[in-house]
Student: 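Below: one structure in structure tokens.
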Amino acid sequence: MSRGTLLRVFLRSLFLQASWNPKGMQNLGLAYAVYPALAKLYPPGPLRETAVRRHLVFFNTHPYVAAAIVGGVVNHEQKIARGEETPDRVVGFKAALMGPLAALGDGFFWLSLKPAVGGLCAAMVPLLGVWAVLLFLVLYNLVHLLLRIRLYWLGLSLGDRLVEAVARVNLPAKGARLRGVAAASAGGLAAWLAVSFGATAGGTWAPFLAVGCLAVGVLAYVAVNRRVPTYVVLYVAAGLACAAGAFL
């Protein structure tokens, strides 16, 4: 398999959801992505048609981590073309991995990476202004594209052993650290907004108001963790807000 063909497969995988449909979901995108490899492995005729058809069955996973499955499909198809495997191996490979990798990708990309980069860039708005939007696009796509490339290569080179390699990457642990970055960025931005906007509304008391808001947030977090009823926390917060408004 030439490097040019492998590159074409990867680039086509970026359009995995361009032909999304309710029946097969990402099946057309997957078949489109791996077709250059199938065209190299099988001559025109029944063999190639059969190879394409086995990738037109239902397929759905996270669009980024799908790169690992695309690489694995190419790995298995090469073995099938050489007579080392039967076609049911590649079908089973896709069916076994698309669910777990979908959950892994959702947790890392949607619930960790995007909030972390978004929170960090939002916190940079006071310094960068509208350029924070460009920073978000660069940082997010740099991470996601590099991971796509790595996952594609792992699938291509390891095939079934892809699972062990992905486990060593430990995306859940990295996602937990990213969620910490998101929380810290949001907290820093909230403090800056409280001080800057409060300087007009609260005058000389603005810094104390900001510190008070942060302290109430910390105490509320501790109280909820210690199983204090949520309605009690809300009533206390509302009372403190009324007292602060009357005082200022």
Student: We want to know whether E49 and Y42 form a side-chain donor-acceptor pair, criterion being a heavy-atom distance below 3.5 angstrom.
Tutor: no

Student: Roughly how far, to the nearest 0.5 Å, is OG of S19 from CE of M25?
Tutor: 14.5 Å

Student: Determine, using the 4.5 Å side-chain heavy-atom cutoff (strictly less than), whether L56 and I80 are members of one ILVMFWY cluster.
Tutor: yes

Student: Can you tell me how far CG of L147 sits from CG of L171, rounded to the nearest 0.5 angstrom?
Tutor: 6.5 Å

Student: Between F59 and I69, is the side-chain contact (heavy atoms from CB on, under 4.5 Å) condition met? List the steps.
Tutor: CA-CA 11 Å; F59 180 77; I69 297 180; 3.8 Å; yes

Student: Could you check D106 against L111 for side-chain contact (heavy atoms from CB on, under 4.5 Å), going step by step and ending with a plain yes or no?
Tutor: CA-CA 6 Å; D106 287 348; L111 302 180; 5.6 Å; no

Student: State which residues pass side-chain contact (heavy atoms from CB on, under 4.5 Å) with W131; sequence neighbours excluded, sorted by chain then number.
Tutor: L128, L134

Student: Once rounded to the nearest 0.5 Å, what's the spacing between atom CG of L14 and atom OH of Y152?
Tutor: 10.5 Å

Student: Is it the case that one hydrophobic cluster holds both V143 and W110, taking links as side-chain heavy atoms less than 4.5 Å apart, direct or via other members?
Tutor: yes

Student: Hey, does R54 have a side-chain heavy atom less than 4.5 Å from the side chain of V90?
Tutor: yes

Student: Between F15 and W20 (judged by ring centroids, cut-off 6.0 Å), do the two rings come close enough to count as a pair?
Tutor: no

Student: Grab the two heavy atoms, one from K94 and one from V57, that are nearest each other, plus how far apart they are.
Tutor: NZ-CG2, 4.0 Å

Student: Report the distance from atom CE of M124 to atom CG of L135, rounding to the nearest 0.5 Å.
Tutor: 6.5 Å

Student: Decide yes or no for Y35 and V52: does some side-chain heavy atom of the first lie under 4.5 Å from some side-chain heavy atom of the second?
Tutor: yes

Student: With side chains defined as the heavy atoms from C-beta onward, is the minimum distance between L6 and V74 less than 4.5 Å?
Tutor: yes

Student: So do N27 and F58 actually touch side chain to side chain, heavy atoms under 4.5 Å?
Tutor: no

Student: Looking only at heavy atoms, which two atoms of A132 and C121 are closest? And how far apart?
Tutor: CB-O, 3.4 Å

Student: Between S112 and G107 (side chain of the first, backbone of the second, donor and acceptor by atom type, cut-off under 3.5 Å), is there such a pair?
Tutor: yes

Student: Going from NE2 on H144 to NZ on K114, what distance comes out if it is rounded to the nearest 0.5 angstrom?
Tutor: 10.0 Å

Student: May I ask you to test the Y64-L145 pair for a side-chain heavy-atom distance under 4.5 Å?
Tutor: no

Student: Nearest heavy-atom pair of G24 and N21: which atoms, and what distance?
Tutor: N-OD1, 2.6 Å

Student: Would you give the length of the straight line joining atom CG of N75 to atom CG of L156, rounded to the nearest 0.5 angstrom?
Tutor: 6.5 Å

Student: G105 and V65: which non-hydrogen atoms are nearest, and at how many Å?
Tutor: CA-CG1, 4.0 Å

Student: Could you tell me whether D160 and R89 have a side-chain N and a carboxylate O separated by less than 4.0 Å?
Tutor: yes

Student: Same cluster for L101 and I149 if Ile/Leu/Val/Met/Phe/Trp/Tyr side chains link at under 4.5 Å?
Tutor: yes

Student: Any side-chain heavy atom of F108 sitting closer than 4.5 Å to one from L178?
Tutor: yes

Student: Do the side chains of T61 and Q26 get nearer than 4.5 Å, heavy atoms only?
Tutor: yes

Student: Between L151 and L162, what is the shortest heavy-atom contact and its length?
Tutor: O-CD1, 4.5 Å

Student: Within the supplied structure, the quantity of interest is the number of heavy atoms (other residues, nucleotides, ligands) at a distance under 6.0 Å from R3 CZ; does it exceed 12?
Tutor: no

Student: If you compare all heavy atoms of R12 against all heavy atoms of Y32, which two are closest, and at what distance to 0.1 Å?
Tutor: NH1-O, 2.7 Å

Student: Honestly curious: do L146 and V70 fall in one hydrophobic cluster under the side-chain, below-4.5 Å linking rule?
Tutor: no

Student: Are any side-chain N or O atoms of R48 and backbone N or O atoms of A39, one a donor and one an acceptor, separated by less than 3.5 Å?
Tutor: yes

Student: Test your reading of the model: is there a side-chain donor-acceptor pair from R8 to the backbone of A33, 3.5 Å cut-off?
Tutor: no

Student: Mind checking whether L38 and E77 have side chains closer than 4.5 Å, heavy atoms only?
Tutor: yes

